[in-house]
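Computation of the quantities below employed the complete heavy-atom set of this structure, encompassing side-chain atoms and omitting hydrogens, waters and symmetry-equivalent molecules. Note that the structure is a prediction, hence the values are computed from the model and not measured.
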Amino acid sequence: MKRLKCSSSKNQRVPPPDFTETTVSRGLEWECGLNPMKFMGIFVVCLMGLSVLFSLSVILKNPPSDSFWTVAEARPLDVLPQEATNQEDDLSQAVEVPEDKLLGGLLPTGFDRESCLSRFESLSYRRELPQKPSPYLISRLRRYEALHKRCGPYTELYNKTLTHLKSGQYTSSSDCNYIVWISFSGLGNRILTLASAFLYALLTDRVLLVDRGVDMPDLFCEPFPEVSWLLPLDFPVTHQFNSFNQKSAESYGNMLKKNLLGNLSQSALPPYVYLHLIHNYDDHDKLFFCDQDQTLLQNIPWLIMKTDNYFVPSLFLIPSFEQELSDLFPAKATVFHFLGRYLFHPTNSIWGLISRYYQAYLARADEKLGIQIRVFDTGTGPFQHVLEQILTCTTKENLLPEINRKEPIVTPSGKHKTKAVLLTSLSSGYSEEIRNMYWEYPTVTGEVISVYQPSHEEYQQTEKQTHNRKAWAEMYLLSLMDKLITSSWSTFGYVAQGLAGLKPWILYKPENRTAPDPPCRQAMSMEPCFHAPPFYDCKKRAGVDTGLLVPHVRHCEDMSWGLKLVERDSEL
């Protein structure tokens, strides 16, 4: 192999004299016979290569978002940055602001996200709470959770108390007392009565245990950490639940009627008592809402309750509970809203129904209106007078725009506002009529109206599991709307408005199949109505209008004899 080297001819020229000694490298190139222009080209190429390598190293280390590539176009794009779309989990975590993650402290920590997705994901579907829970309510919920953990199913103290129940012996030294809620009536009633029973448990330091019924575990996540709220299947009195009524020997009202408790010493009290608080209860059953009776019930370890009433308003009329309730709920009309948001979280299967429907049909609308229709008339709908009532209410209250029957199309300037209507009813006829109306004619405002109805079961099927799954999903979907129209007397609507924290427009109950005038009115508060309250003054032992005793308990808009909680400054 030949070795390449520079020529050493004595006759070779030296570099031009006008170059300085600092140009050593270039002098060597000349000495090796290289063309100066070629060297300059190689040098520039090397610099460019180094620059490219450096840029690539920076880009690979910190890849740019899509917005980087759209800067030159100088127009907004409705897309997320590449980094965000590839990291959905990180995005969801970033959206959940720590102070709102637990609804201002209302919800407890310690739950596994995957076991109940709705507990965490529902926050992104709702507006902020209209009011914050009181610090005292939060502290009492934490105290209750500790009690439930200590006394809940299969704990040592539960097993000890259960032994006394099985033996039929009364024990005055019980460390844990219980309220057992029997699953009874339709789903809306069950949700409202379970919230009522839980509030009673808070007020009396009892542990709430929930009868499973046909579907409770399928519908609701566990609300309390570590220990279940479900009544164990081997509970010794479960087989009697269906047969309990106001004539049962264990009924508190029946015991009072027969004077079986007045002469008993404390040690002779029964280990459990059945509380009959269904709408057909009598005057003796209603004594449950008297202070002196609460004093007696405090001594009984097990209370077993069956009710189809949201009896919370009457708890506010019991003097011994007055201060505690005031501390728990400074804003009186928030009771079900806070307790409902605390207790009722859809299971993953139900949350799938809710989230898929919401994202498919409702999420992109500028405004969302929920309409809940419950008709008590016999026969199959739709009924023309009900349809007329709905349309009159929506236009009179500016909830939906009127249609323009004179022009084939109305094209106002600017962007078209979209409004989604979620309608729930056992009949499909109402949604079809309203949908066709807004399809066949334009609106006078130019708004684009879309109408959706998830299901139409035709008739109520209380004991059917699939029916209740759809009912719970639809109640929850209604609670995600911006505004609500509900039907008189309907617990389905009460649940939706309470969870939403909205004061709905209530459709008055039609009489003689005639649309009422006015068709609707806005509710005084978001609280549900107690349909069958007692009208009794416990101190005077005489009848009294319980809707006139305190400013925050008034008669309902949709049921003149019912009671509901309102704020002190609410309009009559």
Undergrad: Between Y125 and W351, is the ring centroid distance below 6.0 Å?
TA: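 Yes, close enough.
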Undergrad: Mind checking whether F530 and Y310 have ring centres under 6.0 Å apart?
TA: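 Ring-ring flag for F530/Y310: false, centres at least 6.0 Å apart.
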Undergrad: Are F198 and F224 near enough that their ring centres are under 6.0 Å apart?
TA: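 For F198 and F224, the ring centres are under 6.0 Å apart.
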Undergrad: Can you tell me if E322 has over 12 outside heavy atoms packed within less than 6.0 Å of its CD?
TA: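 No.
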Undergrad: Would you mind reporting whether L162 and P236 have side-chain heavy atoms less than 4.5 Å apart?
TA: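 Touching, per the 4.5 Å side-chain cut-off.
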Undergrad: Between H239 and F241, is the ring centroid distance below 6.0 Å?
TA: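 For H239 and F241, the ring centres are not under 6.0 Å apart.
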Undergrad: With side chain to side chain donor-acceptor pair (under 3.5 Å) as the criterion, how do Y200 and Q294 come out once you've worked through the C-alpha distance, each side chain's angles and the decisive distance to 0.1 Å?
TA: CA-CA 11 Å; Y200 181 71; Q294 284 300 319; 2.7 Å; yes
Undergrad: Is there a side chain to side chain donor-acceptor pair (under 3.5 Å) between Q323 and D327 once you walk through the steps?
TA: CA-CA 6 Å; Q323 186 59 53; D327 293 339; 3.0 Å; yes
Undergrad: Any non-hydrogen side-chain atom of L199 less than 4.5 Å from a side-chain atom of V335?
TA: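 Of all side-chain heavy-atom pairs linking V335 with L199, at least one is under 4.5 Å.
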Undergrad: Over 60° means perpendicular and under 30° means parallel, so classify the ring planes of Y274 and H276, tilted if in between.
TA: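 Perpendicular, since the angle between the ring planes exceeds 60°.
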Undergrad: CG of L157 to NZ of K149: how many Å apart, nearest 0.5 Å?
TA: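 NZ of K149 is found 13.5 Å from CG of L157.
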Undergrad: Starting from the C-alpha separation in whole Å, work towards a yes-or-no answer on side chain to side chain donor-acceptor pair (under 3.5 Å) for H279 and Y281.
TA: CA-CA 6 Å; H279 64 274; Y281 60 166; over 6 Å; no
Undergrad: Does some side-chain heavy atom of E222 sit less than 4.5 Å from a side-chain heavy atom of V210?
TA: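 They are not in side-chain contact.
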Undergrad: Check this for me: does any side-chain nitrogen of one of K419 and D366 sit under 4.0 Å from a carboxylate oxygen of the other?
TA: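 Salt bridge flag = no for D366 with K419.
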Undergrad: Within this structure, what is the CG-OG1 distance for the pair L422 and T424, rounded to the nearest 0.5 Å?
TA: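 Reported to 0.5 Å precision, the distance equals 6.5 Å.
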Undergrad: Is the W229 to F220 ring centre distance short of 6.0 Å?
TA: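 No, the ring centres sit 6.0 Å or more apart.
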Undergrad: Kindly assign one of parallel, tilted or perpendicular to the pair F344 and W472, based on the angle between their ring planes and the thresholds 30° and 60°.
TA: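 Because their plane-to-plane angle is over 60°, the rings of F344 and W472 count as perpendicular.
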Undergrad: Indicate, with yes or no, if the rings of Y342 and F338 have centres closer together than 6.0 Å.
TA: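 Ring-ring flag for Y342/F338: false, centres at least 6.0 Å apart.
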Undergrad: Closer than 4.0 angstrom, basic N to acidic O: yes or no for R140 and E324?
TA: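 Yes, R140 and E324 are salt-bridged.
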Undergrad: Does the E397 side chain pair with the main chain of L399, one donor and one acceptor, at a distance under 3.5 Å?
TA: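 Looks like no, no N/O pair under 3.5 Å.
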Undergrad: I'd like to know if K332 and E527 make a salt bridge, using a cut-off of under 4.0 Å between side-chain N and carboxylate O.
TA: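 No salt bridge links K332 with E527.
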Undergrad: State whether the number of non-hydrogen atoms from other residues, nucleotides or ligands found under 6.0 Å of F235 atom CZ is greater than 12.
TA: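 More than 12 within 6.0 Å, yes.
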Undergrad: Do NZ/NE/NH1/NH2 and the carboxylate oxygens of R143 and D205 come within less than 4.0 Å?
TA: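 A salt bridge is present here (some side-chain N lies under 4.0 Å from a carboxylate O).
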Undergrad: Whether D112 and R119 form a salt bridge (side-chain N of Lys/Arg under 4.0 Å from carboxylate O of Asp/Glu) is what I want to check.
TA: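 D112 and R119: not salt-bridged.
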Undergrad: As an exercise, state the distance from CG of D175 to OG1 of T161, rounded to the nearest 0.5 Å.
TA: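 The CG atom of D175 sits 7.0 Å away from the OG1 atom of T161.
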Undergrad: Considering only NZ, NE, NH1 and NH2 on the basic side and carboxylate oxygens on the acidic side, decide whether E145 and R142 come within less than 4.0 Å.
TA: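 Between R142 and E145 there is a salt bridge, with a charged N closer than 4.0 Å to a carboxylate O.
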Undergrad: Given H345 and F111, is the ring-ring contact (aromatic ring centres under 6.0 Å, His included) satisfied, shown in steps?
TA: CA-CA 12 Å; H345 305 280; F111 280 100; 7.9 Å; no
Undergrad: Set out, in order, the CA-CA distance, both residues' side-chain angles and the distance that settles side chain to side chain donor-acceptor pair (under 3.5 Å) for S525 and E567, then state yes or no.
TA: CA-CA 7 Å; S525 76; E567 299 305 333; over 6 Å; no
